[in-house]
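In this text, all values refer to a predicted model and were calculated from it rather than measured experimentally. For ligands, and for the atoms within them, numbers begin at 1 and follow the listed sequence.
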Amino acid sequence: MTRIMEARAIHKSYGLVKVLENVDFDLEDGEAHVVIGPNGAGKTTLFRCLSGETRINSGTITLAGDDVTQLAGWERVQRGIGRSFQVARIFPMMSAFENLIVAIETRERKDKGLWSSFGHIAPRHAVMDEAERLVLELGLEDTRDESAGTLSHGDKKRLELAMSLALRPQILMLDEPTAGMSPSDRAEAVRLVSQVRERYGLTLLLTEHDMEVVFGLATRLTVLHHGEIIASGEPHEVRADARVREVYLGQH
Ligand SMILES: Nc1ncnc2c1ncn2[C@@H]1O[C@H](COP(=O)(O)OP(=O)(O)OP(=O)(O)O)[C@@H](O)[C@H]1O
Ligand SMILES: [Mg+2]
């Protein structure tokens with residue numbers, strides 16, 4: 001396996017509150033790496049540090065061997081990081097389909113080095129076809145023409161996922177993708193995420209509280225507790241770890 005992301009000795013504080021302490025974190029190409037830990041453990045903060053949404057106090061982060069510690073979030077997006085709710089803002093007044101068109105056109109502009117969005121890029125056949133394909137793949141047929149703002153929670157998550165995929169990231173980061181879903185929507189989301197992961201050859205990095213989702217998706221698990229990594233490894237190893245059972249799984 002190739003290591004595509006490497007974080008070393010990350011420290012992150014908000015004011016006097018130390019949130020991450022001396023965190024080392026690796027992401028291998030093609031894995032589905034799930035970060036778990038109790039509420040307030042620092043999972044979302046770790047994501048924000050890795051995606052460049054917030055700066056770290058000390059430490060280094062590399063992507064494919066390049067030091068990106070000083071790069072802004074959008075520059076890391078250019079290097080293949082896709083973070084669902086950051087890169088895929090949904091426009092509530094537009095239909096699900098139109099939102100997809102916007103996401104695809106954003107990627108096209110990016111590929112052409114056109115970051116400004118002056119004027120309107122007429123939807124070409126290729127863009128339309130790709131949007132239709134995403135609609136099918138993510139089960140958005142019934143909600144295709146509905147205003148995105150009126151979609152159910154589950155459909156909104158599906159649309160977000162479709163929009164993230166439209167940007168063709170190498171690494172897809174999902175922070176609690178099944179939060180607020182019913183058990184059946186959850187099972188469906190797991191199926192969908194596994195499917196797109198395989199089809200697009202994605203490396204997945206996600207946080208999740210639901211243990212069925214965690215063990216349904218993870219090829220590797222990392223446990224954060226009070227801002228420190230207390231275990232990392234294959235799901236069965238982490239599950240058997242005494243400290244993990246004590247501080248986390250033991251609660252359930
Ligand atoms: N912007 C911020 N300013 C100040 N403190 C923050 C900020 N973001 C997070 N924190 C604090 O950092 C700690 C970790 O928060 P974080 O959101 O990373 O935890 P989490 O593991 O994602 O929790 P959850 O499972 O509830 O999503 C918490 O104590 C939180 O209050
Ligand atoms: Mg969180």
Heavy-atom protein contact below 4.0 Å for atom 31 (O) of ligand 1 | no
Taking NZ, NE, NH1 and NH2 as the nitrogens, is one of them in [X] or [Y] under 4.0 Å from a carboxylate oxygen of the other?
| X | Y | answer |
| --- | --- | --- |
| Glu132 | Arg144 | yes |
| Glu188 | Arg191 | yes |
| Arg3 | Asp29 | no |
| Glu130 | Arg107 | yes |
| Asp26 | Arg8 | yes |

Among protein heavy atoms, which lies nearest atom 6 (C) of ligand 1, and at what distance?
-> Tyr14 CD1, 3.2 Å
Provide, to 0.1 Å, the distance between atom 15 (O) of ligand 1 and the closest protein heavy atom, together with that atom's residue and name.
-> Thr45 OG1, 3.8 Å
Do Thr207 and Asp175 have side-chain atoms, one donor and one acceptor, less than 3.5 Å apart?
-> yes
Quick one: does Arg48 get a heavy atom under 4.0 Å from ligand 1?
-> no
Should you measure from each heavy atom of Glu176, which atoms of ligand 1 turn up under 4.0 Å away?
-> 25 (O), 27 (O)
Can you sort out which atoms of ligand 1 are near Thr44, meaning under 4.0 Å from one of its heavy atoms?
-> 17 (O), 18 (O), 20 (P), 22 (O), 27 (O)
Between Leu46, Asn39, Val19, Leu16, flag the one that comes closest to atom 11 (C) of ligand 1 by a heavy atom.
-> Val19
Short N or O distance, Val17 and ligand 1, threshold 3.5 Å exclusive | no
Please say whether Gly40 places an N or O atom under 3.5 Å from an N or O atom belonging to ligand 1.
-> yes
Can you see which heavy atom on Ser232 is nearest to which on Val238, and at what distance?
-> C-CG2, 4.0 Å
Presence of N, O or S from Thr44 under 2.8 Å of the Mg ion (ligand 2) | yes
